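For reference, the structure is listed below as structure tokens.
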Amino acid sequence: MTTLTPAPNAVRKDPPHRPGRRESLNKWRRRVPLLPALIFTIIVTQLPFVATLVISTLQWNILKPGERHFTGLSNYAFVFTDERLRAAVLNTVLLTASVVIISVLLGLGLAMLLDRRFPGRGLARTLLITPFLVMPVAAALLWKHAIYNPDYGLLNGTLNAVYRLFGAENGPTIDWLSNSAMPAVIVALVWQWTPFMMLILLAGLQAQPGDVLEAARVDGASARQTFLHITLPHLRQYIELGVLLGTIYVVQTFDAVFTITQGGPGSQTTNLPYEIYLTMFRKYEYGEAAAAGVVVVIGAIVIATFALRTIASLFREEVSR
């Protein structure tokens, strides 16, 4: 019988090293201090959402406490077929689109003005940002009573003063909230959200590469050509970010509608959040209100996904510079 012995110069092979296991343990050690915050966030945000999902599958009216039962997806079918909710969805789309588009356009104009150097630019920036810092309910009360009120509001007071300049005794008394309810809410929200868009677009303008603008001036490009072919393409992602973030916030508007018009007259300004409020606290249909709320949350998540992608692309561009 022959016994095999290893050669004296043979190299002994150690078992393969697994650095991934140690690295994963180090990652978990770094994450452990964050677990209390994560657990708190889950308790505060996700558990109520799960409860809302459960309630949305129930036929539950607080005025009929003994008749609560499981109905599956019937509440969601009601959300997509009810005429009041369909009208609220259309009002929400109209309100959101109008506020976001007008705010972006005005914000772009103000950002271009503030991007120039002039005396008092810091003060002008502070004053233009102020509307965004006002509490939504306070801003809505300001517009309802100090501006739109037909008896002592600023609009009718200005009209009366103009009429008196031309010899008339009194000007017209216009009830702005009855005659133009939706435009009144849109104007109030545009006043509040234009500074937000202005800040985003001003950041984009100040991030423009100066050598490109200088090269355009040397080549004889006019201000219009520079804006259309250099500035506007550069601002595309900032505009998209402003539109997406503005849509996420404006689509959830409740304060202005509740405070200024309370959905009237004749449900002309009733958007989806206010209709959910009416379903919950006026009709006491908890299941229907929960289903409508879930639909709104899912829509906001879809929009937020695009917003996060836009933000990530902006960060990648900054890192690559």
Side-chain angles (χ1 to χ4, degrees), residues 87-111 113-114 124-162 171-202 239 242-278 296 299-300 303:
V89 170
L90 293 177
N91 288 337
T92 303
V93 172
L94 174 62
L95 180 66
T96 304
S98 301
V99 171
V100 170
I101 292 174
I102 298 173
S103 297
V104 167
L105 294 177
L106 292 177
L108 178 60
L110 293 174
L113 291 175
L114 292 179
R125 286 183 179 181
T126 303
L127 293 176
L128 289 174
I129 294 171
T130 301
F132 185 65
L133 304 178
V134 179
M135 293 179 60
V137 174
L141 289 173
L142 173 69
W143 281 88
K144 180 179 182 179
H145 295 290
I147 298 177
Y148 291 141
N149 190 280
D151 298 324
Y152 53 82
L154 180 63
L155 287 179
N156 281 345
T158 303
L159 283 177
N160 289 332
V162 171
T173 300
I174 302 174
D175 191 350
W176 299 95
L177 298 182
S178 298
N179 299 332
S180 306
M182 181 62 80
V185 176
I186 290 173
V187 170
L189 290 174
V190 166
W191 176 81
Q192 184 179 359
W193 285 100
T194 296
F196 176 77
M197 304 299 179
M198 180 194 71
L199 288 175
I200 294 177
L201 297 176
L202 182 59
I239 294 174
V243 169
L244 290 171
L245 292 179
T247 302
I248 292 172
Y249 290 115
V250 177
V251 78
Q252 304 175 50
T253 297
F254 174 81
D255 313 76
V257 174
F258 177 79
T259 305
I260 297 176
T261 64
Q262 292 192 346
S267 299
Q268 293 181 17
T269 59
T270 300
N271 61 346
L272 199 50
Y274 189 72
E275 183 62 34
I276 293 173
Y277 162 78
L278 294 177
V296 173
I303 299 172

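Small disclaimer: the values here were computed from a predicted structure and weren't measured.
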Run the side chain to side chain contact (heavy atoms under 4.5 Å, CB included) check on Leu110 and Met197 step by step: do they pass? CA-CA 9 Å; Leu110 293 174; Met197 304 299 179; over 6 Å; no
Non-neighbouring partners of Asp175 that pass side-chain hydrogen bond (donor to acceptor under 3.5 Å, both in side chains), sequence neighbours left out: Ser178
To the nearest 0.5 Å, what is the distance between CD1 on Ile200 and CG on Leu245? 5.5 Å
Test side-chain hydrogen bond (donor to acceptor under 3.5 Å, both in side chains) applied to Thr92 - qualifying residues, sequence neighbours left out: none
From CG (Leu272) to CG (Leu95), nearest 0.5 Å: 11.5 Å
For Ala124, give me all partners under side chain to side chain contact (heavy atoms under 4.5 Å, CB included), at least two apart in sequence or on another chain. Leu114, Phe118
Side-chain (Thr269) to main-chain (Gly264) donor-acceptor, under 3.5 angstrom: yes
What distance do Thr158 atom OG1 and Ile147 atom CD1 have between them, rounded to the nearest 0.5 Å? 9.5 Å
By side chain to side chain contact (heavy atoms under 4.5 Å, CB included), Ala139 pairs with (sequence neighbours left out) Val134, Trp191
Compare every heavy atom of Leu159 with every heavy atom of Pro172, then report the nearest pair and how far apart it is. CG-CD1, 4.4 Å
Tyr277: what forms a ring-ring contact (aromatic ring centres under 6.0 Å, His included) with it, not counting sequence neighbours? Phe254, Phe258, Tyr274, Phe281
Side chain to side chain contact (heavy atoms under 4.5 Å, CB included) with Ala256: which residues, sequence neighbours excluded? Val185, Leu189, Thr253, Ile260
Sub-3.5 Å donor-acceptor pair from the side chain of Asp255 to the main-chain atoms of Val137, do we have one? no
Under the rule for side-chain hydrogen bond (donor to acceptor under 3.5 Å, both in side chains), what residues qualify as partners of Glu275, not counting sequence neighbours? Arg84
Please give me the minimum heavy-atom distance between Thr270 and Gly263, naming the atom from each residue. OG1-O, 3.0 Å
Residues at least two apart in sequence or cross-chain that pass side chain to side chain contact (heavy atoms under 4.5 Å, CB included) with Leu94, listed by chain then number, are Ser98, Met182
For Ile174 versus Pro150, what's the shortest heavy-atom pair and its separation? O-CB, 3.6 Å
Tell me the side chain to side chain donor-acceptor pair (under 3.5 Å) pairs involving residues 144-157, sequence neighbours left out? Asn149-Tyr152, Asn156-Trp176
Nearest 0.5 Å, what's the CG-CD distance between Leu133 and Gln192? 10.0 Å
Measure the OG1-CG distance between Thr194 and Leu106 for me, rounded to the nearest 0.5 Å. 4.5 Å
Find the distance between CG (Leu113) and CE (Met198) and round it off to the nearest 0.5 Å. 10.5 Å
Say whether, by atom type as modelled, one donor and one acceptor occur between the side chain of Thr130 and the main chain of Thr126 under 3.5 angstrom. yes
Mind listing the closest non-hydrogen atom pair of Asn91 and Ser267 along with its distance? ND2-O, 3.2 Å
When you compare the side chains of Thr96 and Thr247, does any donor N or O come within less than 3.5 Å of an acceptor on the partner? no
